[in-house]
Amino acid sequence: MTAITLALQMTVLMCVGYFARRKSLVDEHFAKSLASFIYNIVFPCVVVRAMVSGVDADRLADMGFLLIASLASMGLFFLLGVIFNKITRKKDAMSRILIMNLMFVNFTYMAFPVMEELFGEVGSLYIAIYTTPVRILFYIVCPLLLTWKMMPATETGSEIANDASQTRKMPAKTTKERSGILRVIFSPPVIAVPVGLLIAAMPFSIPSPIMSVLSSLAGVATPMGMALCGITLANLPIKEGFRDVRIWVMSFLRLLVAPAIVLGIFLLLRMTPLPMDSVAVKVAILYCALPAAASTTVITMKVNSDSTKAAQCVFITTVLSVLTLPIWVMLLNRIF
């Protein structure tokens with residue numbers, strides 16, 4: 001099955017990065033340089049390629065439905081993460097990574113091939129539409145989520161504003177914080193969004209050689225991200241990630257609870273006269289059952305957050321998705 005194959009491929013890619021670092025084929029400086037290359041070069045190519053892709057005008061209603069579902073699910077999972085952190089009273093880097101992993105899944109390497117294999121060209125169209133707001137918000141929300149009102153970079157991975165008195169002493173927005181927000185807003189992946197829309201609106205298409213280069217660079221986004229996860233994990237025993245209860249809880253929320261919530265919502269909507277295409281519904285639910293995005297490791301490294309925890313979350317959710325994804329596919333085929 002495609003879902004199992006892709007999950008296994010991603011696990012192997014992480015193992016390649018892990019092996020390369022453990023055998024000193026790459027040094028400790030390589031990971032940061034690779035993260036910078038992916039963020040500033042590869043990610044913009046991913047965005048531009050998505051923006052210039054054509055859409056089918058005959059499915060405008062379904063496309064609008066998917067855009068609303070995409071935005072609603074991200075907002076819902078953001079609230080779920082906030083509520084969970086309130087209950088556990090955690091304010092560290094892992095609490096932010098948990099929210100990020102609930103909001104964003106591996107939409108580049110797994111979402112597209114899974115939907116295309118399962119649903120053909122319609123699946124490709126639907127997942128392209130569904131992930132349009134995801135791609136835009138991912139490069140804005142993730143860095144801001146990880147850096148908003150955080151301690152300086154030297155405190156990476158430590159508890160953030162552990163008590164109320166510390167929080168009150170922290171200014172609402174320091175000059176450094178504003179500068180960081182501006183850097184995110186005007187970063188290459190974000191700038192690529194209006195650039196891509198502008199190119200898509202032009203009466204002529206991108207020359208074939210340039211488009212080929214964009215597609216080639218965009219195609220390495222998640223494979224490079226998965227290898228980067230492995231390189232990061234090589235700095236500590238992998239078993240430490242399996243000992244972290246919060247990573248297991250995050251995996252449970254990401255792979256089981258999130259898609260179950262969306263499934264429940266669609267089952268309720270099916271009782272209304274609202275017309276829904278079954279393939280569109282399956283795409284929306286199955287998307288929420290994918291593992292954490294490999295690109296989250298790149299983002300955490302870029303903003304000096306806890307990239308080790310981020311890599312462990314990607315690794316464990318990807319390995320577990322080998323078991324959970326096929327189950328969701330079979331369940332959705334029975335229900336819809």
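Just so it is clear, the structure is predicted and the values come from calculations on it, not from any experiment.
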Min side-chain heavy-atom separation L228-M301 under 4.5 Å: yes
Under 4.5 Å between any side-chain heavy atoms of L102 and V257, yes or no? no
Under the 3.5 angstrom rule, does the side chain of R254 hit a backbone N or O of N101 as a donor-acceptor pair? yes
If I take atom CD1 from residue I97 and atom CD1 from residue I299, how far apart are they, to the nearest 0.5 angstrom? 12.0 Å
Under the side chain to side chain contact (heavy atoms under 4.5 Å, CB included) rule, collect the residues that match up with L263, sequence neighbours excluded. L267, I285, W328, L331, L332, I335, F336
Using a 4.5 Å cut-off between side-chain heavy atoms of Ile, Leu, Val, Met, Phe, Trp and Tyr, which other residues end up in the same hydrophobic cluster as I68? none
Strictly by side chain to side chain donor-acceptor pair (under 3.5 Å), give each pair with a member in residues 71-83 just once, sequence neighbours left out. S73-Y130
Scan I247, D306, T308 and name whichever one has a side-chain contact (heavy atoms from CB on, under 4.5 Å) with C313. I247
Quick one: closest heavy-atom pair of L214 and C45, and the distance? CD2-SG, 3.6 Å
May I ask you to test the K282-F119 pair for a side-chain heavy-atom distance under 4.5 Å? yes
Check this for me: does any side-chain nitrogen of one of D27 and K32 sit under 4.0 Å from a carboxylate oxygen of the other? no
Check whether any side-chain N or O of N85 sits under 3.5 Å from a backbone N or O of S95 as a donor-acceptor pair, and report yes or no. yes
Polar side-chain atom of S321 near backbone of T318 as donor-acceptor pair, under 3.5 Å: yes
Please check: side-chain N/O of S216 versus main-chain N/O of S212, any donor-acceptor pairing under 3.5 Å? yes
Which heavy atom in V134 sits nearest to a heavy atom in S70, and how many Å separate them? CG2-OG, 3.4 Å
Can you list, by chain and residue number, the hydrophobic cluster partners of L323 when the side-chain cut-off is 4.5 Å? none
Just grab all the ring-ring contact (aromatic ring centres under 6.0 Å, His included) pairs involving residues 259-278, residues at least two apart or on different chains. F65-F266
Should D244 and K309 be marked as a salt bridge (charged side-chain N to carboxylate O under 4.0 Å, His left out) after you check the CA-CA gap, both sets of side-chain angles, and the distance that decides it? CA-CA 9 Å; D244 193 327; K309 289 294 183 187; 2.4 Å; yes
Just to verify, what does F77 make a ring-ring contact (aromatic ring centres under 6.0 Å, His included) with, not counting sequence neighbours? none
Is there side-chain contact between I83 and K86, with heavy atoms separated by less than 4.5 Å? no
So how far is it from I210 CD1 to S215 OG, rounded to the nearest 0.5 Å? 12.0 Å
